[in-house]
Amino acid sequence: MRQMTYNNNLDSVSAEGAVYYLFGATGDLARRKLFPALFSLYKEGKLSENFAVVGLARRPRTNEQFRADLYESIVEFCRYKADDAELWNQFAEHFVYMSLDINDVEGFRELSRLSEQLDAKYAIPGNRLFYLALAPSLFGPVSFNLRDGGLLESNGWHRVVIEKPFGYDLPSAQKLNEQINQVFKEEEIYRIDHYLGKEMVQNIQVIRFANAFFEPLWNNNHIANVQITLSETVGVEDRGGYYDKSGALRDMGQNHMLQMLTMIAMEPPSRLHGEDIRDEKVKVLRSLRNYTSSEDVRSKVVRGQYSEGSLRGKELPGYRQEESVNEESTTETYFAAKVFVDNFRWAGVPFYIRTGKRLPVKTTEVVIEFKSMPQNVLFAQRHDLAPNLLVIRVNPLEGIYIKVNAKTPGENNSVQPVAMEFCQSCQIGLNTPEAYERLIHDAARGDSTYFTRWDEVSQAWSFVDRIAQAWREEKSDLKHYPAGSWGPDAANQLLAEDGFHWWPVNGQEEDNVIWVSNSGK
Ligand SMILES: NC(=O)C1=CN([C@@H]2O[C@H](COP(=O)(O)OP(=O)(O)OC[C@H]3O[C@@H](n4cnc5c(N)ncnc54)[C@H](OP(=O)(O)O)[C@@H]3O)[C@@H](O)[C@H]2O)C=CC1
Ligand SMILES: O=C1O[C@H](COP(=O)(O)O)[C@@H](O)[C@H](O)[C@H]1O
């Protein structure tokens, strides 16, 4: 095994301080995720005192109003309480608001002047982090105006953090990238995929590469299939307008699901450094077997849309009745796919991936199903021995469990499945850093390991585009599933035809399993 080292010499960088420019400061993402993340970083001393945050959007706000919005967001969404008035005032004092239209370069010139004042006030050496919580159509214009307005002329570093979706398909993503590249170098661009900031997604590397009983078995000799589930109970909420153009494939598939797949499937990097890890991840994306025809897509990819139903006793409308959704929409709110990684390690191993809205539970889990032991006469089993599983729970519970076979206590040669669980969130609480905290901190430190590089994004789009193309050609295979159900039955068939089934997720395990867990189960 090659030597791997952690790259932990970046901590000092954020201590230099920076101005954070929050474009889209009056929007939903800022309110629910970005403000709370900044407060948590401040509470933990990760922002030090030499920083400033400039909130930017068109609608007018005074600094006082902006700070009041900030406070409300933190009370509602932050994992830390804002109950220490002195600390709160100290924090809020770093925030200012400026009304600005992205298309107006004059506003950027004024922002540049404000920035110089903030640099002087907080002893910041010109470091600038531009966070674009904006619609993708504004990424190009904002980049040009940052340059033309003089924001990139300061002495320090300049980084731009870009929200997803990065385009709608490969051509639009290419166009976006060309625009941004006219202003920023690739190493200055931090494309967010917040799943990469999740504790357990980052833990995949440690579980794989730090355990002698996983890595040697991590291949097609021993693994029967891999299952990745990202299920949500929510519908489209107030994002119907965006979602109806996007759908589950673009909203979750092109990014979060394929990124998780790469973390599971990649080869060990030579070092745990950003570029080395991303080199390995992009090789996985290049190895994805492309669907050869529309027929091929239809046989391996299932799409669904939720109709009326109920969840935990609550009646729910169908997708087509949601606000800002076309009444005849054929947008998928669910998809499941059988994917192959055509390389030496994974040849022949199916990766089953599924995601959907209005499913029965909110969970993200990865199941590694190992090949079964050969059936033999040693055990008095009436049924096949259950395969060993490694389950990685990403959220809301965080942890892992392994399922093994053991002797049924007191009975001769009878076999009993036992699940041994390390519930990380039960052990240390749910107070682990949220994904956005981790990622904002990483961007400020110049660590782009858990951001997506352009070659990854483009490769993922070219894979997804083939599916979208087949769906455009033929719409009749869209299946409707009742809200609150596990999606179309065709998704079960996808596995059944290979002799597999989806493993239960989120604590809905089978009755006959003995649990050994630190969760008190
Ligand atoms: N919300 C979420 O949970 C997630 C969002 N994202 C992505 O993050 C981005 C932002 O999403 P979200 O916050 O939900 O969107 P919102 O629609 O809630 O907010 C958009 C923001 O952009 C500002 N804005 C729009 N046009 C202009 C303009 N011409 N000049 C200056 N500011 C402008 C708006 O302010 P104003 O109207 O005052 O100008 C507002 O602050 C999107 O790309 C989205 O896909 C990604 C993952 C999750
Ligand atoms: O990016 C997105 O992710 C969320 C789900 O994120 P999670 O961290 O709560 O699992 C999803 O609801 C949203 O549609 C999508 O845009």
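If you read the sequence from its start, that first residue is 1, and numbering goes on from there. Both counts, for ligands and for their atoms, begin at 1 and track the order of listing.
The number of heavy-atom neighbours closer than 6.0 Å to CD of Gln182, taken from other residues, nucleotides and ligands shown, is above 12. Sparse packing is recorded around NZ of Lys245, with 12 or fewer heavy atoms of other residues, nucleotides or ligands lying under 6.0 Å away.
Salt-bridge check for Arg393 with Glu365: passed, with a basic side-chain N closer than 4.0 Å to an acidic carboxylate O. Electrostatic pairing of Arg109 and Glu106 counts as a salt bridge here, judged by a charged N lying under 4.0 Å from a carboxylate O. A salt bridge between Glu199 and Arg438 is present, with a side-chain N of the basic residue lying under 4.0 Å from a carboxylate O of the acidic one. A salt bridge does not link Glu72 to Arg31: none of the charged side-chain nitrogens sits closer than 4.0 Å to a carboxylate oxygen. Between Lys46 and Glu44 a salt bridge is recorded (basic side-chain N to carboxylate O distance below 4.0 Å).
Between Phe91 and Trp88, the ring planes lie tilted relative to each other; the angle falls in the 30° to 60° range.
Closest to atom 3 (O) of ligand 2, if we only count protein heavy atoms, is His194 CE1, 3.4 Å. Given atom 46 (C) of ligand 1, the protein heavy atom at minimum distance is Glu163 OE1, 3.2 Å. Among protein heavy atoms, the minimum distance from atom 10 (O) of ligand 2 is reached at Tyr195 OH, 2.4 Å. The protein heavy atom nearest to atom 20 (C) of ligand 1 is Ala133 O, 4.2 Å. In terms of protein heavy atoms, atom 34 (C) of ligand 1 is closest to Thr26 OG1, 3.8 Å. Looking only at heavy atoms of the protein, atom 42 (C) of ligand 1 is closest to Leu134 O, 3.4 Å. Protein heavy atom in closest approach to atom 8 (O) of ligand 2: Lys198 NZ, 2.7 Å. Leu29 CB, 4.3 Å is the protein heavy atom nearest to atom 11 (O) of ligand 1. In this structure, the protein non-hydrogen atom closest to atom 18 (O) of ligand 1 is Asp28 N, 2.9 Å.
At least one heavy atom of Leu138 sits under 4.0 Å from some atom of ligand 1. Note on ligand 1: Arg31 sits outside its first shell, no heavy atom being nearer than 4.0 Å. Residue contact annotation: Asp251 has a non-hydrogen atom under 4.0 Å from ligand 2.
For the side chain to side chain donor-acceptor pair (under 3.5 Å) test with Lys357, the passing option among Glu332, Glu232, Gln305 is Glu232; the others fail. Among Leu129, Ile189, Asp442, the single residue meeting the side-chain contact (heavy atoms from CB on, under 4.5 Å) criterion with Val161 is Leu129.
Contacts with ligand 1 closer than 4.0 Å are made by heavy atoms of both the backbone and the side chain of Arg59. When heavy-atom distances to ligand 1 are checked against a 4.0 Å cut-off, His194 has no atom that comes that close, whether in backbone or side chain.
Of all atoms in ligand 2, numbered sequentially from 1 with element shown, those under 4.0 Å from a heavy atom of Lys357 are 11 (C), 12 (O), 13 (C), 14 (O). Distances below 4.0 Å separate heavy atoms of Gly27 from the following atoms of ligand 1: 13 (O), 18 (O), 19 (O), 40 (C), 41 (O). Heavy-atom contacts of His256 reach the following atoms of ligand 2: 1 (O), 2 (C), 3 (O) (cutoff under 4.0 Å). Close approach to Arg32 involves these atoms of ligand 1, each under 4.0 Å from a residue heavy atom: 1 (N), 2 (C), 3 (O). Within ligand 1, counting atoms from 1 as listed, the ones closer than 4.0 Å to a heavy atom of Leu100 are 30 (N), 31 (C).
Polar contact with ligand 1: present for Asp101 (N/O pair, distance under 3.5 Å). Every N/O-N/O distance between Ala30 and ligand 1 stays at or above 3.5 Å. Not a single N or O atom of Leu56, backbone or side chain, sits closer than 3.5 Å to an N or O atom of ligand 1.
Taking all heavy atoms of Lys33, Glu232, Lys362, Glu434 into account, the minimum distance to atom 7 (P) of ligand 2 is reached by Lys362. Remark: among candidates Leu34, Asp104, Ile102, Leu22, the nearest residue to atom 30 (N) of ligand 1 is Ile102, based on non-hydrogen atoms.
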